[in-house]
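Below: the structure, in structure tokens.
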Amino acid sequence: MQGQTDVPLNQNGKQQAALVGSHFAQLLTKDVQFDALYSSDSIRAFETAENISTNINLPIQSDQRLREMHLGTLQTCYYPDHTDTIVKHVKEPTLPYEDGESYAEVQQRVVEAIKDICLQNPNAKRIVIASHGVSIRCYLCHILQISLTKVYSLSIFNTSVSVVKPFYISSHTGELMPMVIKINSYDHTL
């Protein structure tokens with residue numbers, strides 16, 4: 001479990017990042033244009049975003065609110081040794097990990113980050129965001145109005161692509177009603 005431990009991509013991660021970068025390059029050949037590229041400031045997300053940036057010719061804007069969940073004392077621990085603790089926190093999504101954060105806190109910061117990104121890019125049609133598994137799951141739970149107790153019912157693979165389309169209810173308040181178009185597409189890695 002890495003959490004917010006800032007480690008670079010391993011060899012497999014580098015291959016996956018190159019594949020997702022190529023996936024975005026192929027979309028450009030189909031006249032799909034992108035308007036902005038954001039990334040968590042975590043090195044592994046940023047390295048993935050660099051592969052995308054190279055292929056879509058957009059600068060990366062980093063936002064620390066897109067980081068992975070902070071697992072506190074469990075960061076860098078072996079997952080199977082701590083399943084009871086993880087289950088306890090999923091059942092109580094407002095309970096933070098020791099010296100870390102709760103699923104509810106992750107959801108709140110990611111939702112705020114993405115709302116701000118949309119508001120900063122009001123004319124953008126497509127914004128690419130490189131983030132992390134739990135952060136993406138928490139955001140999708142918010143949109144789909146799924147309880148955070150079901151956060152792991154959504155599968156998010158490394159470098160998978162999920163697509164959310166924001167619909168503005170009110171341009172004055174900035175209220176968004178996002179629509180999920182695609183979750184966990186990873187054909188580009190096969």
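- The structure places CZ of Phe46 at 8.5 Å from CD1 of Ile43, a figure rounded to the nearest 0.5 Å.
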Verify side chain to side chain contact (heavy atoms under 4.5 Å, CB included) between His188 and Gln26, making sure each step is shown before the conclusion. CA-CA 10 Å; His188 57 275; Gln26 289 175 354; over 6 Å; no
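- Nearest approach of Ala113 to Asp63, heavy atoms of both residues: CB-OD2, 4.1 Å.
- Between Arg67 and Arg109 there is a side-chain heavy-atom pair separated by less than 4.5 Å.
- In terms of heavy atoms, Ala130 sits closest to Ala49 at CB-CB, 4.0 Å.
- Looking at heavy atoms from C-beta onward, Val164 lies in side-chain contact with Tyr139 at the 4.5 angstrom threshold.
- Residues Asp35 and Lys125 are not paired through a salt bridge, judged by the lack of any N-O separation under 4.0 Å between the basic side chain and the carboxylate.
- Linking Ile, Leu, Val, Met, Phe, Trp and Tyr whenever their side-chain heavy atoms come within less than 4.5 Å leaves Tyr186 and Ile181 in two separate clusters.
- Heavy atoms of other residues, nucleotides or ligands lying less than 6.0 angstrom from CG of Asn57 number 12 at most.
- Between the side chain of Ser62 and the main chain of Ser40, no donor-acceptor pair closer than 3.5 Å is present.
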Stepwise side chain to side chain donor-acceptor pair (under 3.5 Å) test for Ser160 and Asn184: CA-CA 5 Å; Ser160 68; Asn184 195 41; 3.0 Å; yes
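- Here the CD-OG1 distance, from Gln15 to Thr159, works out to 11.0 Å after rounding to the nearest 0.5 Å.
- Below 30°, between 30° and 60°, or above 60°: for Tyr97 and His89 the angle between ring planes is below 30°, a parallel geometry.
- Clustering ILVMFWY residues whenever any of their side-chain heavy atoms sit less than 4.5 angstrom apart, transitively, puts Val134 in the very cluster that holds Leu144.
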Using side chain to side chain contact (heavy atoms under 4.5 Å, CB included), reason through Ser135 and Leu66 one step at a time and then give a plain yes or no. CA-CA 7 Å; Ser135 297; Leu66 298 170; over 6 Å; no
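- A 4.5 Å side-chain heavy-atom check between Val110 and His142 finds every atom pair outside the cut-off.
- At distances below 3.5 Å, not a single donor-acceptor pair connects side-chain atoms of Glu68 with backbone N or O atoms of His132.
- With values rounded to the nearest 0.5 angstrom, Ile60 atom CD1 is found 10.0 Å from Glu47 atom CD.
- The minimum heavy-atom distance linking Ser131 with Ile136 is given by the pair CB-CG1, 4.1 Å.
- Tyr38 and Asn121 share a side-chain donor-acceptor pair at under 3.5 Å.
- At least one donor-acceptor pair under 3.5 Å links the side chain of Gln75 to the backbone N or O of Leu71.
- Atom CG in Asp187 sits 7.5 Å away from atom OG1 in Thr189 (nearest 0.5 Å).
- Contact between Arg44 and Val7 at its shortest, heavy atoms only, is CB-O, 3.5 Å.
- The closest donor-acceptor contact from the side chain of Glu101 to the backbone of His70 lies under 3.5 Å.
- Taking hydrophobic clusters as Ile, Leu, Val, Met, Phe, Trp and Tyr residues chained together by side-chain heavy-atom distances below 4.5 Å, Leu19 does not share a cluster with Val163.
- Atom CG of Leu140 and atom CD of Gln107 lie 10.0 Å apart (nearest 0.5 Å).
- Closest approach of Leu154 and Arg137 over heavy atoms only: O-NE, 2.7 Å.
- One distance of note links CD1 of Ile143 with CD1 of Ile114; it measures 7.0 Å at 0.5 Å rounding.
- Residues Ser147 and Thr149 come closest through the heavy atom pair OG-OG1, 2.7 Å.
- Linking ILVMFWY side-chain heavy atoms closer than 4.5 Å, directly or via other members, places Ile183 and Ile127 in a single hydrophobic cluster.
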Give the C-alpha distance, both sets of side-chain angles, the deciding distance and a yes or no for side chain to side chain contact (heavy atoms under 4.5 Å, CB included) between Ile56 and Leu28. CA-CA 7 Å; Ile56 65 173; Leu28 286 177; 3.9 Å; yes
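- Looking at heavy atoms from C-beta onward, Val151 lies in side-chain contact with Cys138 at the 4.5 angstrom threshold.
- Val90 and Leu95 are assigned to two separate hydrophobic clusters, defined by single-linkage of ILVMFWY side chains at heavy-atom distances under 4.5 Å.
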Checking side chain to side chain contact (heavy atoms under 4.5 Å, CB included) for the pair Thr48/Ser39: CA distance, chi angles, key distance, verdict? CA-CA 9 Å; Thr48 301; Ser39 175; over 6 Å; no
